[in-house]
Visitor: 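Starting off with a structure, shown below.
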Amino acid sequence: TRSWHMKLSQKLAALMLAISALSASSLANDAYQTHCASCHGASGAGNLSLGAPNLTLFSDAYLERQLLGFREGWRDTSDPYTQTMSAAVGALDAGVVAEALLAIDQLPDSREISVAKAAAGDTDRGADLYTAYCGACHGTNAGGNDALGAPSLLGLDADYLARQYRHFSEGRRGFHIDDRYGKQMSRLSRSLKDSSLIDDVSAYVAQLSQ
């Protein structure tokens, strides 16, 4: 709801003002470790086997927007990973979410990717496709652009990237009226209709972090 979003923003602003206080930092870390670390890892670097992405290279604005989206139904919950995340966020009040976001902001940036298998896809072809269809928003080196609502793609494994792209192209993300940037990505995602091309781009982006 709008009220929950306002409370989250207010709580986050208050916590940021108190960042220098050890008690605030400790409270934030406790919230992250209690509610997020079991999937995303103590360092925030993610867990491939659980479908949980690296959080450390996402901007505060992107993370806040996605958490709101999970709570407000911006994603199709037929996906089991989305079900898990939506349920987890829905059980938390705005104060706890703000504390967790503060803790994530304090985590050191990591490009580490836990890869269980080699990424499928032709990275050379993926490089050309990325330049043609993705770089204008996500940046030449995939570092993202907050002004365009485009997150950093660094530190994300190829399976996660391909799954999210397909969710956009299949209308499972970017369908909600309030998801402004998701709708933008949903439209653009239709540029790649061949599944193998999505794998190529995902493999290319994943190797940028290596």
Visitor: Okay, side chain of N141, backbone of G143: is any donor-acceptor separation there less than 3.5 Å?
Guide: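 Answer holds: no.
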
Visitor: Under a 3.5 Å cutoff, is there a donor and acceptor pairing between the side chains of T82 and R173?
Guide: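 No, R173 and T82 have no side-chain donor paired with an acceptor closer than 3.5 Å.
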
Visitor: Using a 3.5 Å distance criterion without hydrogens, assess whether the side chain of S86 forms a donor-acceptor pair with backbone atoms of Q83.
Guide: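 The answer is no, because no donor-acceptor pair under 3.5 Å joins these two groups.
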
Visitor: Would Y181 and L101 show up in the same hydrophobic cluster when neighbours are defined by side-chain heavy atoms closer than 4.5 Å?
Guide: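 Each belongs to a different hydrophobic cluster.
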
Visitor: Taking atom CZ of F168 and atom CZ of F175, what is their separation to the nearest 0.5 Å?
Guide: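 Output value for this atom pair is 10.5 Å.
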
Visitor: Pick from D200, D124, I198: which one makes a side chain to side chain contact (heavy atoms under 4.5 Å, CB included) with L129?
Guide: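 When side chain to side chain contact (heavy atoms under 4.5 Å, CB included) is applied between L129 and each of D200, D124, I198, only D200 qualifies.
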
Visitor: Calculate, to the nearest 0.5 Å, the distance between atoms CG and CG belonging to L208 and L156 respectively.
Guide: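 One finds 11.0 Å between CG of L208 and CG of L156.
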
Visitor: Is the shortest heavy-atom distance from the side chain of S209 to the side chain of L154 under 4.5 Å?
Guide: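 Yes, their side chains come closer than 4.5 Å.
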
Visitor: Could you please spell out the steps behind the side chain to side chain contact (heavy atoms under 4.5 Å, CB included) verdict for Y165 and V201?
Guide: CA-CA 10 Å; Y165 194 103; V201 173; 5.9 Å; no

Visitor: Identify the two heavy atoms, one from S152 and one from L57, that lie closest to each other, and give their separation to 0.1 Å.
Guide: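 Nearest pair, atom of S152 first, then L57: CB-O, 3.3 Å.
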
Visitor: Is there a side chain to side chain contact (heavy atoms under 4.5 Å, CB included) between L67 and M85? Walk through the geometry before answering.
Guide: CA-CA 9 Å; L67 288 171; M85 189 64 187; 3.7 Å; yes

Visitor: Strictly distance-based, threshold 3.5 Å: is any side-chain N or O of H176 a donor or acceptor partner for the main-chain N or O of R75?
Guide: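 No, H176 side chain to R75 backbone: no donor-acceptor pair under 3.5 Å.
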
Visitor: To the nearest 0.5 Å, what is the distance between CZ on R166 and CG on L161?
Guide: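 Reported to 0.5 Å precision, the distance equals 11.0 Å.
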
Visitor: Check S202 against A158 and note the closest heavy-atom contact, atom names and distance.
Guide: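 S202 and A158 have their closest heavy atoms at CB-O, 3.5 Å.
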
Visitor: After noting the C-alpha distance and the side-chain angles of R172 and D79, does the key distance pass the side chain to side chain contact (heavy atoms under 4.5 Å, CB included) rule?
Guide: CA-CA 9 Å; R172 298 165 71 179; D79 171 62; 3.5 Å; yes

Visitor: Tell me if the CG atom of D146 is crowded by more than 12 foreign heavy atoms within 6.0 Å.
Guide: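 Atom CG in D146 is crowded, with more than 12 foreign heavy atoms closer than 6.0 Å.
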
Visitor: Hey, does the side chain of T56 reach the backbone of S110 with a donor-acceptor pair shorter than 3.5 angstrom?
Guide: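 Yes.
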
Visitor: Give me the atom names and distance for the closest heavy-atom approach of G155 to N54.
Guide: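 In terms of heavy atoms, the two residues are closest at O-CB, 3.2 Å.
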
Visitor: Looking at S186 and K183, would you say the former's side chain and the latter's main chain have a donor-acceptor pair under 3.5 Å?
Guide: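 Judged by distance alone, no pair lies under 3.5 Å.
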
Visitor: So, do H138 and P151 sit near enough that their side-chain heavy atoms are less than 4.5 Å apart?
Guide: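 The answer is yes; the side chains approach within 4.5 Å.
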
Visitor: Of D105, V97, I104, which is the lone residue that meets side chain to side chain contact (heavy atoms under 4.5 Å, CB included) with L63?
Guide: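 Result for side chain to side chain contact (heavy atoms under 4.5 Å, CB included) with L63: I104.
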
Visitor: Donor-acceptor pair, distance only, cut-off 3.5 Å: does the side chain of T131 make one with the backbone of A127?
Guide: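 Yes; at least one donor-acceptor contact below 3.5 Å.
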
Visitor: Does the pair Y32 and Q106 meet the rule for a side chain to side chain contact (heavy atoms under 4.5 Å, CB included), with working shown?
Guide: CA-CA 11 Å; Y32 176 82; Q106 295 175 301; over 6 Å; no

Visitor: Could you tell me whether the side chain of D178 reaches within less than 4.5 Å of the side chain of W74, counting heavy atoms only?
Guide: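 Yes, at least one pair of side-chain atoms sits under 4.5 Å.
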
Visitor: Rounded to the nearest 0.5 Å, what separation is found between the CZ atom of R187 and the OG atom of S169?
Guide: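 Going from CZ on R187 over to OG on S169, the span is 15.0 Å.
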
Visitor: How close do L188 and C137 get, counting heavy atoms only, and between which atoms?
Guide: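 Looks like CD1-SG, 4.4 Å.
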
Visitor: Should we say atom OH of Y62 is surrounded by more than 12 heavy atoms from elsewhere, each under 6.0 Å from it?
Guide: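 Buried by this count: over 12 neighbours within 6.0 Å.
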
Visitor: Mind checking the OH-CZ spacing from Y204 to R125? Nearest 0.5 Å is all I need.
Guide: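 Those atoms lie 15.0 Å apart.
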
Visitor: Looking at V96 and D93, what are the two nearest heavy atoms and their distance?
Guide: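 Scanning both residues, the minimum pair turns out to be N-OD1, 2.9 Å.
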
Visitor: Hey, does the side chain of Q184 reach the backbone of A150 with a donor-acceptor pair shorter than 3.5 angstrom?
Guide: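 Answer holds: no.
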
Visitor: Are Y81 and R163 close enough that some pair of their side-chain heavy atoms sits under 4.5 Å apart?
Guide: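 With C-beta onward as the side chain, the pair touches.
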
Visitor: As an exercise, state the distance from CG of D179 to CD1 of I177, rounded to the nearest 0.5 Å.
Guide: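 It comes to 11.0 Å.
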
